[in-house]
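Throughout, protein chains are lettered first and strands after them, A, B, ... in sequence-line order, and every chain is numbered starting at 1. Since this is a predicted model, take the numbers as computed values, not measurements.
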Number of protein chains: 2
Amino acid sequence: METRCENCIVRKFNSLRAMNKEELKQVSDAKISKKFKKGEALFEEGEKLNGVYCVRDGVSKLSKLSANGKDQIVKLATTGEVMGQRAVIVEEPTNLSAVAVNDVEVCFVPKEIIVDSMHKNPDFTLEVLRHMAHDLKEADDVIVNMSQKTVKQRVAEALLYLKNNYGVDEEGYLSLTLSREDIANVVGTATESCIRIISEFKKKGYIKTSGKRIIIANEKELQDLVNGF
Amino acid sequence: METRCENCIVRKFNSLRAMNKEELKQVSDAKISKKFKKGEALFEEGEKLNGVYCVRDGVSKLSKLSANGKDQIVKLATTGEVMGQRAVIVEEPTNLSAVAVNDVEVCFVPKEIIVDSMHKNPDFTLEVLRHMAHDLKEADDVIVNMSQKTVKQRVAEALLYLKNNYGVDEEGYLSLTLSREDIANVVGTATESCIRIISEFKKKGYIKTSGKRIIIANEKELQDLVNGF
DNA sequence: AACAAAACCTGACAAATATCATGTTTTCTT
DNA sequence: AAGAAAACATGATATTTGTCAGGTTTTGTT
């Protein structure tokens, strides 16, 4: 599928929207469409990125390996988001790995075009800057959550996050299904602890489950828990 | 003391170095020098910032209040760093409070000048972007540390950080003296836990203390601890 | 449909950390 | 230099969380 970036709705949600016509044409001509199956890696921590990845469809987990061999998921990147921007800007190997959580389709945009636009088009640079400022704020929030909230609160928060950001299907199940291990890696805890807490939520009627799929049955109770009541 | 920004060495270390002469003159004319005593707040979380704070001297702690009433220190801002940039860029109230750790001297630069330069001077915007990209990476690292390292490892790391970033005085004491409570708030733990661990380090000979002041006596042991040996 | 692999689950226990209570030392202020 | 306030310290205990070990269920593949 060779579509033109100029017509891509995805662009509306990321910094590429601040590009002008010529720039978009350049991107369009140079971009390479890539598909990744669930579980495949888009790129690995420490790799040099030759461009950025604009997500057309699907969700990827951005994670970092810790000294003890566990992955910490730092962010979930969804349709409209751009991955790898940070590394391209500072011209360093990326500090994060990206792995497809479900089937993912991205457009790879060579870094030269991005860098070139950043030098020439202040609006574009500013837009990138705004997105990064937003990510930084979110990262600050995560730091505070990690250090000040209990694992139980963080699991509850993660479930609400999944509902609020990815919605539910016709039956009420969270549209984005993560494995218990992935949830544990988002929350920063042991997989068993995560499973135990999810079981507890189920027992208390806050959620219902079917296999790995989850229905949020009592949003208020979960929210109260997050808030410390 | 009314010095000119054009001559300020501090500027060399932050994004203002990408400003051209006219821009610097504007900053110089509009800036207001402010001094804060140890413990005073420069600004509070949720406040609207009308400009940025360029640190001439001293150290401030940037922190965020958590639901349970504890402060989490997200970053220490030192000579040469600019505080409040993020909030000015996204035009939101700041998500962090800034409190002087020791006596602090800053130049307050009205946001109009910053915003104006960002629209006109791509080099400046790009420089700001680079700094923010760097901060974001550091934040990612903190997230991983918080979730994957033990409190003991994080305390050890914090002590080494203080040594590496602020150095030691003639007697070998860490130049930047933080209270045990502040260290606990950097590390994200209870003050008592922090004190206990510091006592343990002292008992084991990794550090020496005199009041709140600390000498790192065995850097290698501390580093090994951080690395999980 | 059968099988293997992966994911999920649970119990028992150990380790890490928080909390509460109380006393001591240091630092600051006058 | 004295007194008050803040910071530091430590014990006892409770809670949270991780680890190991062994199961069961679900999922994917042929």
request  = Starting from C1' on D/dT19, measure out to CD on A/E181 and report it in whole angstrom.
outcome  = 15 Å
request  = Applying side-chain contact (heavy atoms from CB on, under 4.5 Å), name anything that partners B/K202, two or more places apart in sequence or on another chain.
outcome  = B/I207, B/T209
message = If the condition is side-chain contact (heavy atoms from CB on, under 4.5 Å), which residues does A/C5 pass it with, not counting sequence neighbours?
response = A/L24, A/V27, A/S28, A/K31
message = Checking B/V10 now: which residues fulfil side-chain contact (heavy atoms from CB on, under 4.5 Å) with it, not counting sequence neighbours?
response = B/C8, B/N14, B/C54, B/T79
message = Whole angstroms only, please: what is the CD1-P distance between A/I195 and D/dT17?
response = 16 Å
Distance, rounded to the nearest Å, where A/K38 contributes NZ and C/dA6 contributes C1' = 11 Å
ask   = Taking five pairs at each end of the helix from C/dA1-D/dT30 to C/dT30-D/dA1, what angle separates the two helix axes (nearest 10°)?
value = 60°
Distance in angstrom units between A/Q148 CD and D/dT17 C1', rounded = 17 Å
request  = Report the residues that fulfil side-chain contact (heavy atoms from CB on, under 4.5 Å) with A/E171, sequence neighbours left out, ordered by chain and then residue number.
outcome  = A/D169, A/Y173, A/R213
task = Figure out the CG/P separation between A/N185 and D/dG18, and round it to whole Å.
result = 12 Å
query = Is there a side-chain polar atom (N or O) of A/S199 under 4.0 Å from OP1 or OP2 of C/dT10?
reply = yes
request  = Please test A/E40 against A/K35 for salt bridge (Lys or Arg N to Asp or Glu O under 4.0 Å), starting from the C-alpha separation and ending with a verdict.
outcome  = CA-CA 10 Å; A/E40 280 184 327; A/K35 290 185 182 184; over 6 Å; no
message = Quick one about B/Q85 and B/S15 (side-chain donor to acceptor, distance below 3.5 Å, no hydrogens or angles considered), yes or no?
response = yes
key: Sequence neighbours excluded, every pair satisfying side chain to side chain donor-acceptor pair (under 3.5 Å) that has a member inside residues 175-197 of chain A   = A/K61-A/D182
Whole angstrom value for the distance that separates C1' of D/dC8 from CD1 of B/I183 = 12 Å
remark   = In 5'-to-3' order, the base (B), backbone-only (S) or no-contact (-) status of each nucleotide in nucleotides 15-26 of chain C, using a 4.0 angstrom heavy-atom cut-off, is --SBBB-----S
In residues 138-147 of chain B, what donor-acceptor pairs under 3.5 Å come from side-chain atoms, sequence neighbours left out?
{"unit_1": "B/D140", "atom_1": "OD2", "unit_2": "A/N95", "atom_2": "ND2", "d": "3.3"}
{"unit_1": "B/D141", "atom_1": "OD1", "unit_2": "A/K64", "atom_2": "NZ", "d": "3.4"}
{"unit_1": "B/N145", "atom_1": "OD1", "unit_2": "B/K149", "atom_2": "NZ", "d": "3.1"}
{"unit_1": "B/N145", "atom_1": "ND2", "unit_2": "B/E157", "atom_2": "OE1", "d": "3.1"}
{"unit_1": "B/S147", "atom_1": "OG", "unit_2": "A/Q72", "atom_2": "OE1", "d": "2.7"}
{"unit_1": "B/S147", "atom_1": "OG", "unit_2": "B/I143", "atom_2": "O", "d": "3.3"}
{"unit_1": "B/S147", "atom_1": "OG", "unit_2": "B/V144", "atom_2": "O", "d": "3.3"}

note = Rounded to whole Å, CD of B/E200 lies from P of D/dC8 at a distance of 18 Å
query = Who pairs with A/F43 by ring pair (Phe, Tyr, Trp, His ring centres under 6.0 Å), at least two apart in sequence or on another chain?
reply = A/Y53
Hey, can you pull the donor-acceptor pairs under 3.5 Å for the side chains in residues 159-167 of chain A, sequence neighbours left out?
{"unit_1": "A/K163", "atom_1": "NZ", "unit_2": "A/E219", "atom_2": "OE1", "d": "2.9"}
{"unit_1": "A/N164", "atom_1": "ND2", "unit_2": "A/L160", "atom_2": "O", "d": "3.2"}
{"unit_1": "A/N165", "atom_1": "ND2", "unit_2": "A/Y161", "atom_2": "O", "d": "3.0"}
{"unit_1": "A/Y166", "atom_1": "OH", "unit_2": "A/T78", "atom_2": "OG1", "d": "2.8"}

ask   = Does anything in residues 140-160 of chain A pair up under ring pair (Phe, Tyr, Trp, His ring centres under 6.0 Å), and if so which pairs, sequence neighbours excluded?
value = none
ask   = Roughly, in whole Å, what's the span from CD in B/Q153 to P in D/dG18?
value = 14 Å
remark   = Under a 4.0 Å heavy-atom cutoff, the residues of residues 213-229 of chain B touching DNA chain C are none
